[in-house]
Structures are given as structure tokens and as C-alpha cells.
Amino acid sequence: MDKGIIKLAPSILSADFAHLGKQVREAEQAGADRIHIDVMDGHFVPNISMGVPIVASLRRVTRLPLEIHMMITDPDFFLDEFTEAGSDSFLVHWEGNNNLHRTVQRVQALGKRVGVAINPATPAPVLEEILQDVDQVLVMTVNPGFGHQHFIHTTLPKIRRVRQMIDEIKRGCDLEVDGGIEPTTAPLVVDAGANVLVAGSAIFSDGEGVVAAIERLRAAANESK
Ligand code: DX5
Ligand code: ZN
């Protein structure tokens, strides 16, 4: 297994939007590796969140890569706008996309990194034919749509399976997990093979602040190494 260094991707879904720039700067200072931006349209998932203007604003306050988790029915339609606003990578879902390979090609044509996301009930083998074309896989460890949900433990064998597939088919591809990641679940997903951890509430809803939360999460993630 070749996981390399564990990376942290704070999800701003749980941030205080009245102080978003400040919180993202704190995350950067605390050593966050990228900022995870959850885009929802109320159709693909039962919630709405944020869009292009947030990306444009954050582009001015951080040098960290901005990764866009597209939880929308037609991601292709918005790729240009998000790119112009300063996005660095896109996570697009396998579910509901009849032309996933085309979406992946479109992201690549824009010169951006691309990842494929799968929901908890979606089996790992659906990735087999697309894995060689992507930079990243995102295994959802909750059902997408909301922060503050409980980690679904039955996703752990799937994370192991995806790690095996990556080691066999696409070494160097990131294996990211998203949902319910906090200090008790971080060592479990790292042990299963994840190398990028998205965390929203564990970072932005921690009473001791963003910096302390990131330090605690990083320490927990490294426990299993
Ligand atoms: C859920 C989003 C997540 C969310 C995670 O659909 O994709 O990125 O922010 O939140 P936590 O870390 O609180 O489970
Ligand atoms: Zn997400």
C-alpha cells in the first residue's frame, strides 16, 4: 500500500459564513492541504449550498487548492464558470451521470484535476474502467447532502478495495473520504487506505477553534501510520 503523507481537506460547509475568509486562512496556517467546497443544487441531493461566487471570493484569500465537490444534476454545465472563478479540481459523482467519461475529459480539457465520487451504496467495481483516467477517487462515508452526519462503518471494506484497485491500476491516484471524519474515525479510514481526509464539522465546529482542531485531526490520522 502506497499512501504517502495524509492530506487534510477542510470542508467549508460547516464554516461560519460570516467569517469564511478568516476561517479558511486559519485552516491554511494550520497546514490544511486543500479546501473542499460542497456544491449542491437541491436535486442531486436534498440540500442547497454554495456556488461560483464563494469560489471567486476564496480565491482571493488563499493559495490552497480549491476542490469542488459537485453534488449537482448536471456538473458539465458549470465547469467553465467554476474554473474561471479559480477552482483547481473537480469531484464528480458516478451516480446519475450517463456520460461520466465525457465529464472527466471536459475537466481535463480545462487543465484541472479530476476525481470520481461514489456514494455509500455504490460498489467499488464501478470505478474499474474510469480509474486510469482520474487523479482522485472520493469514497463517500456518509450519504451526501449534509454535514454533521455519522460515519458509515460499512464503507471501510470498500475503502480497502478501492485502495487495492488504485495500487493495481493507478498508483499515485488520491483516495479521499468524505463524511463523519473526526479523530476517532480518521485512524480507521487511514488504516483502510485513504490518504486524503475531508472534514467539515470536526474542523469548523470545534469549540477550541480551527487550528487546534486541525492539529488534533492530523495527530489522530497519523496514529495508524
Ligand atoms: C456532505 C459533504 C461533506 C460534508 C462533510 O455531503 O460532501 O463534505 O461537509 O461534513 P462532516 O465532516 O461534518 O461530516
Ligand atoms: Zn464533500
Side-chain angles (χ1 to χ4, degrees), residues 6-17 20 23-24 27 30 32-51 54-55 58 64-73 75 78 82 87-97 113-122 134-156 159 174-190 194-210 212-214 216-218 220-221:
I6 304 303
K7 297 175 196 141
L8 296 184
S11 160
I12 59 167
L13 190 62
S14 294
D16 176 353
F17 287 103
L20 189 55
Q23 294 210 318
V24 166
D33 297 280
R34 52 182 83 161
I35 299 296
H36 181 93
I37 300 175
D38 291 297
V39 176
M40 307 179 187
D41 64 357
H43 293 277
F44 187 81
V45 289
N47 196 8
I48 54 171
S49 59
M50 56 198 112
I54 298 276
V55 174
L58 288 182
L64 288 179
L66 301 176
E67 78 173 6
I68 318 301
H69 182 183
M70 303 288 262
M71 286 166 277
I72 62 178
T73 304
F78 291 96
F82 274 105
S87 306
D88 297 286
S89 62
F90 292 94
L91 296 159
V92 293
H93 272 262
W94 178 86
E95 296 83 7
N97 193 329
R113 293 181 85 246
V114 63
V116 169
I118 54 172
N119 283 342
T122 302
V134 299
D135 305 293
Q136 195 165 331
V137 170
L138 175 64
V139 174
M140 290 305 300
T141 44
V142 297
N143 289 300
F146 302 92
H148 298 264
Q149 299 184 83
H150 290 297
F151 180 81
I152 299 173
H153 283 261
T154 50
T155 58
L156 285 169
I159 297 168
D174 277 335
L175 173 42
E176 184 171 43
V177 289
D178 183 6
I181 305 300
E182 32 85 9
T184 62
T185 52
L188 306 178
V189 291
V190 171
N195 73 310
V196 186
L197 312 189
V198 176
S201 48
I203 288 176
F204 293 109
S205 305
D206 186 296
E208 288 180 39
V210 172
I214 286 183
R216 202 173 311 123
L217 190 59
R218 193 175 286 288

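Numbers here are sequence positions counted from 1. Just so it is clear, the structure is predicted and the values come from calculations on it, not from any experiment. As the structure lists them, so they are numbered: ligands from 1, and atoms in each ligand from 1.
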For [atom], which protein heavy atom lies nearest, and how many Å away is it?
| atom | result |
| --- | --- |
| atom 3 (C) of ligand 1 | Asp178 OD1, 2.9 Å |
| atom 14 (O) of ligand 1 | Gly180 N, 2.8 Å |
| atom 10 (O) of ligand 1 | Gly147 CA, 3.5 Å |
| atom 1 (C) of ligand 1 | Phe146 O, 3.4 Å |
| atom 6 (O) of ligand 1 | Gly145 N, 2.7 Å |

Measure from atom 4 (C) of ligand 1 to every heavy atom in Ala9, Ser11, Gly200 and give the option owning the shortest one. Ser11

CD1 (Ile159) and CG (Leu175) are apart, to the nearest 0.5 Å, by 7.0 Å

How long is the gap from CE on Met40 to CZ on Phe146, to the nearest 0.5 Å? 7.5 Å

Taking just the N, O or S atoms of His69, which one is nearest to the Zn ion (ligand 2)? ND1

Quick check: of its N, O or S atoms, which one does Asp178 have closest to the Zn ion (ligand 2)? OD2

Is it the case that ligand 1 has an N or O less than 3.5 angstrom from some N or O of Asp38? yes

Do any nitrogen or oxygen atoms of Val142 come within less than 3.5 Å of a nitrogen or oxygen of ligand 1? no

Can you list the ligand 1 atoms lying under 4.0 Å from a non-hydrogen atom of [X]?
| X | value |
| --- | --- |
| Ala199 | 12 (O) |
| Gly179 | 14 (O) |
| Pro144 | 6 (O) |
| His36 | 8 (O) |
| His69 | 7 (O) |
| His148 | 11 (P), 13 (O), 14 (O) |

Donor-acceptor pair, distance only, cut-off 3.5 Å: does the side chain of [X] make one with the backbone of [Y]?
| X | Y | result |
| --- | --- | --- |
| Asp33 | Leu8 | yes |
| Asp41 | Thr73 | yes |
| Ser14 | Gly147 | no |

Arg216 with Asp206: basic N within carboxylate O range, under 4.0 Å: yes

Fit a plane to each ring of His69 and His93, take the angle between them on a 0 to 90° scale, and name the class: parallel (under 30°), tilted (30 to 60°) or perpendicular (over 60°). parallel

If you take all heavy atoms of Ser49 and Leu13, which pair is closest and at what distance? CB-CD1, 4.0 Å

Between ligand 1 and Ala202, can you find any atom pair, the residue atom being a heavy atom, that is separated by under 4.0 Å? no

Side chains of Glu95 and Thr122: is there a donor and an acceptor less than 3.5 Å apart? yes

Where the Zn ion (ligand 2) is the centre, what is the NE2-to-OD1 angle for His36 and Asp38, rounded to 10°? 90°

What do we get for Ser201 next to ligand 1 when only non-hydrogen atoms under 4.0 Å count, side chain, backbone, both or neither? both

For ligand 1, is any non-hydrogen atom under 4.0 Å from Met140's backbone (N, CA, C, O), its side chain (CB onward), both, or neither? side chain

Check: Thr141 and Val198 side chains under 4.5 Å, non-hydrogen atoms: no

Taking C-beta and beyond as the side chain, do Asn143 and Ile152 meet within less than 4.5 Å on heavy atoms? yes

Among Ile35, Ile68, Leu66, Val55, which one satisfies side chain to side chain contact (heavy atoms under 4.5 Å, CB included) with Asp88? Leu66

